[in-house]
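Below is one structure, written out as structure tokens; the observations come after it.
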Amino acid sequence: MTRYTPSEIEARWQAAWEQSDIFKAVRSADKPKYYVLEMFPYPSGRIHMGHVRNYTMGDVIARYKLAKGFNVLHPMGWDAFGLAAENAAMQKGIHPGVWTYQNIEDMKSQMKPLGFSLDWSREIATCHPDYYQHQQAMFIDMIEAGLIYRKNAVVNWDPVDMTVLANEQVEQGRGWRSGALVERRELTQWFFKISDYSEELLEALDRLENWPAKVRLMQENWIGKSRGLQFAFSTIDAPEGHDRIEVYTTRPDTLLGASFVGISPDHPLAKLLERDNPEIAAFVAECRKGGTTEEAIETGEKLGFDTGIRVRHPFDTAQEMPVYIANFILMEYGTGAIFGCPAHDQRDFEFATKYDLPIIPTFLPSEDSADALEEAYVPAKTEKVYFVRGFAGDTWQTGLEAIDAAIAFCESQGVGQGVTKYRLRDWGLSRQRYWGCPIPVVHCDDCGVVPEKKENLPVKLPEDVTFDIPGNPLDRHTEWRTTPCPSCGKSAQRETDTMDTFVDSSWYYARFTAPHADTPTVMEDAQYWMKVDQYIGGVEHAILHLLYSRFFARAMQITGHLPKSAIEPFDALFTQGMVTHAIYRSTGANDRPVFHYPEEVDLNGDKAFLKDGGAELDIIPSAKMSKSKNNVVDPLNIISAFGADTARWFVLSDSPPERDVEWTASGAEAAYKHLSRVWNISDRIAAMSDGAEGEGSEELLRQMHKTIHDVTMGIESFGFNAAIAKLYGFTAILQKSKASKAAKREAVMTLAQLMSPMTPHLAEDIWATQGGEGLIAKAPWPQANDSMLVDDMVTLPIQVNGKRRAEIEVPADMDKGEIEKLALAHEAVIRILDGNAPKKVIVVPGRIVNVVV
RNA sequence: GCGGGCGUGAUGGAAUGGUAGACAUACCAGACUUAAAAUCUGUUGGGGCCUAGCCCCGUGUGGGUUCGAGUCCCACCGCCCGCACCA
């Protein structure tokens, strides 16, 4: 008897696949195409279990579709620009390019042994000029198409290091290196006009039927369409040019509950006031402390400053309200100014309480409710409420009705107009960093901002840069910066900002359809391969990456780089959960957290101790595996111990793919045992003498067809864990079966086929052992025979008042009346009824009987 | 703070509104073995009783809809993800 030896088997079959070139995608008119794509990895240096899980799921789909007769495109590449490469450069003195390309080599060599059905001939890396030159060409096209513009926007500024920081580099309002309090500072930056497409991106969500509902909902909320009223308060004692303050509100029905006006610290009026008033300047400076994230702004302490300016209420000019500068108002949304209605907004309520402003309800739950509120009264907009200070519509109306009535009334009175606004902001793409795609424009004293000529592309990153000083090395590289103006030819300066890495990942799926072309895309290839039929990746990308890609596909269509059929680039989306693992943390110098690898930790009950020294560690349970937190489990350890098939089988079993999976060591061994068992079964069947008779062959084949059906359904619906459970079940049946050799051979070959998307190497080996023709990867997917799926008899549970009391076995086609009679005649039912007649009997054929007493 | 999601045995989890706990792990018992490992077989949600069997409780907490709720609705608690410069 031989043993299951994955290392030998896997190398052999990987070589066979490579030799036959079966995963190379070639356009072909005579087969339907299928494009499977997993979100491409950032080359951080090592693959982790999240990658293995993601790419294994994609590989199951790709191999399954190949067996189903599709012409499959399944490519892989590298999202290779980004911050981590510059951090490595600063920490280790390695050039970001050297670091990145080395990581790509390493990760590719770690991925290869997993046996994915990838077309490596299409590999791309976004940091390579062969990729980013096309991005630069499209950028120039998009400037010409009016899809890109410049404006001021705020960034995190580290006043000690004198550099821009990413949000990730801000920890509790301080720069991660300098520890200095971060400030918000304005810079002129490049933007994509994604907000012009708000309605289009929102409306098209409805047609993304194969996307998870939660992702569509998140995008809908992110775009944030709202209908509201825009109007102006007239001011008293305001500086010239500010005799009106424009505000936007989604709750115009609460206008008579207004008690103050708030403006953003970045509002033009605030900026004007800060020039002449040192107190206001100090307050605004205070507001600018801290990071730029919405989270920081929303969770920070709400601060206000009374400017002394007053406004008149539009419906009651005798009522004057103060104008506050408030740190929680965003200049980017609406007009950067609001009216505060403390009675119906909890944030305004807290603000009013803090600054002693009146709290005036406009509506109450009922006529006799108290007028004094303990907290803001914010009912659902669909709830009918009693208006005590209404000015339009009925006394009793829902929020929705009241808003419409208020807008109509205000418009009729000439107080503002109904306006539709979107929360979605334009996409700022400028990054003050080296390791990104250079923005291909030149700043000329005479001609202004001029796009580089296309024949001068790529604008390559200079290689001779250093990272010993904080800041963007491109800024200091005079030789690289200085270039002739593309328009007048005089000496001019290159743009030193590079592009957001989201730009790189917003079109890579299209580049895969013609990865070596000397234009960004080739129309025939894009027409043939796009859309991506199945896109798979982490739910953490539900909004930004997916929304930007949807926008970019539209922008590429406008500039002639994609066909109209591809403006929704991803036909079906699956968002997998993350692989999590506990984080082990101790506190190091300066109170900085220190993270420890699982290998360095001894677990004792629910406590963790450092092997070296025995110090007790904090355990942060179930956190996303992250390199910076050192809680990464290396899949290579599993592969070298048990083989790739075990790793693949393990990441698919147990957890449903959309849910997070907590990594545990015990599961891998079980997977290995099971694969060995299957291998041994095949071995024993091969050793049976040809023509050997047996018993239960018919039943074995019946179970086989059921398994074909269930596993096929499981794969189609991303129920990989359920499909695997069925395969476990069938393996047990086959193992115990005393069927004929012919039946067993058919069963084990089918089992191998059903397992082949998950454990392709093992499947090939069994196929070959049993004398299957050619590669199993190319064999057509087995078909379940419908007549083998139906059982003659079914077991029906009998409930009394919803509680299960008995069961009966009946022919599958028995009619309802007969079933009811049988159920009522059952001894347990008679005993429980105790002579009483049932009120009602519900018979669900093939399912259940419920007797209601 | 805002938006989205999740919550089921000791553990990972299964369950088109229809027998809760499939399948796997772990544990326990048995077979094989001088022994162990490996392999194979079987048991296992909690409690109770008149123990071939029957009854009660049980899917984060509290309420609701329904003949019937893990599943749908509402509120709360806990955890996870995202929040526009991490990718």
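Below, chains carry the letters A, B, ... as their sequence lines are ordered, and counting in each starts from 1.
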What residues in residues 719-728 of chain A put a non-hydrogen atom under 4.0 Å from any atom of RNA chain B?
-> A/Asn721, A/Ala725, A/Tyr728
Taking NZ, NE, NH1 and NH2 as the nitrogens, is one of them in A/Arg347 or A/Glu298 under 4.0 Å from a carboxylate oxygen of the other?
-> yes
Where do N or O atoms of nucleotides 50-55 of chain B meet protein N or O atoms at under 3.5 Å, pair by pair?
| unit_1 | atom_1 | unit_2 | atom_2 | d |
| --- | --- | --- | --- | --- |
| B/C55 | OP1 | A/Arg805 | NH1 | 3.3 |

Has the side chain of A/Glu294 got a donor or acceptor atom sitting under 3.5 Å from an opposite partner on the base of B/C83?
-> no
Does the B/C83 base have a donor-acceptor partner in the side chain of A/Glu298 within less than 3.5 Å?
-> no
Sorted by first residue and then second, give each salt bridge (charged side-chain N to carboxylate O under 4.0 Å, His left out) pair with at least one member in residues 724-734 of chain A; sequence neighbours left out.
-> A/Asp710-A/Lys726
On a plain distance test, is the side chain of A/Gln189 in donor-acceptor contact with the base of B/C85 below 3.5 Å?
-> yes
For residues 839-850 of chain A, pull every pair meeting salt bridge (charged side-chain N to carboxylate O under 4.0 Å, His left out), keeping only residues two or more places apart or in separate chains.
-> none
Distance-only side-chain donor-acceptor flag, A/Asn152 / A/Thr188, under 3.5 Å = yes
Are any protein N/O atoms closer than 3.5 Å to N/O atoms in nucleotides 76-78 of chain B? If there are, list each pair with its distance.
none

Going by modelled atom types, is there a donor-acceptor pair between the base of B/U19 and the side chain of A/Arg847 at under 3.5 Å?
-> no
Partners passing side-chain contact (heavy atoms from CB on, under 4.5 Å) against A/Pro470 (at least two apart in sequence or in another chain) | A/Asp161, A/Thr163
Among side-chain atoms of A/Gln219 and A/Arg550, is any donor-acceptor pair under 3.5 angstrom?
-> yes
Which residues share a ring pair (Phe, Tyr, Trp, His ring centres under 6.0 Å) with A/Tyr377, sequence neighbours left out | A/Phe363
Strand RNA chain B as a dot-bracket string - pairs counted if Watson-Crick or G-U with both distances under 3.5 Å, | where the partner lies in another strand | (((((((..(((.....[....)))(.((((.......)))).)(((((...)))))..(((((..]....))))))))))))....
I'd like a table of atom pairs between the protein and nucleotides 66-70 of chain B - only N or O on both sides, under 3.5 Å - with the distance next to each one.
| unit_1 | atom_1 | unit_2 | atom_2 | d |
| --- | --- | --- | --- | --- |
| B/C67 | O2' | A/Asn850 | ND2 | 3.3 |
| B/C67 | O2 | A/Asn850 | ND2 | 2.6 |

Could you write nucleotides 41-47 of chain B as a row of B, S and -, 5' to 3', where a protein heavy atom under 4.0 Å of any base atom gives B, of only sugar-phosphate atoms gives S, and otherwise -?
-> S------
Which residues satisfy the ring pair (Phe, Tyr, Trp, His ring centres under 6.0 Å) test with A/Trp222, sequence neighbours excluded?
-> none
Inter-nucleotide P distance (B/G82, B/G48), Å rounded = 47 Å
How does each nucleotide of nucleotides 3-10 of chain B score, in 5' to 3' order, for protein heavy atoms under 4.0 Å: base (B), sugar-phosphate only (S), or none (-)?
-> SSS-S---
For A/Gln432, answer base if it contacts any base atom (sugar-phosphate contacts may also be present), sugar-phosphate if it contacts only those atoms, and nothing otherwise; contact means non-hydrogen atoms under 4.0 Å.
-> base
Just checking A/Gly82: base, sugar-phosphate only, or nothing, at a heavy-atom cut-off of under 4.0 Å?
-> sugar-phosphate
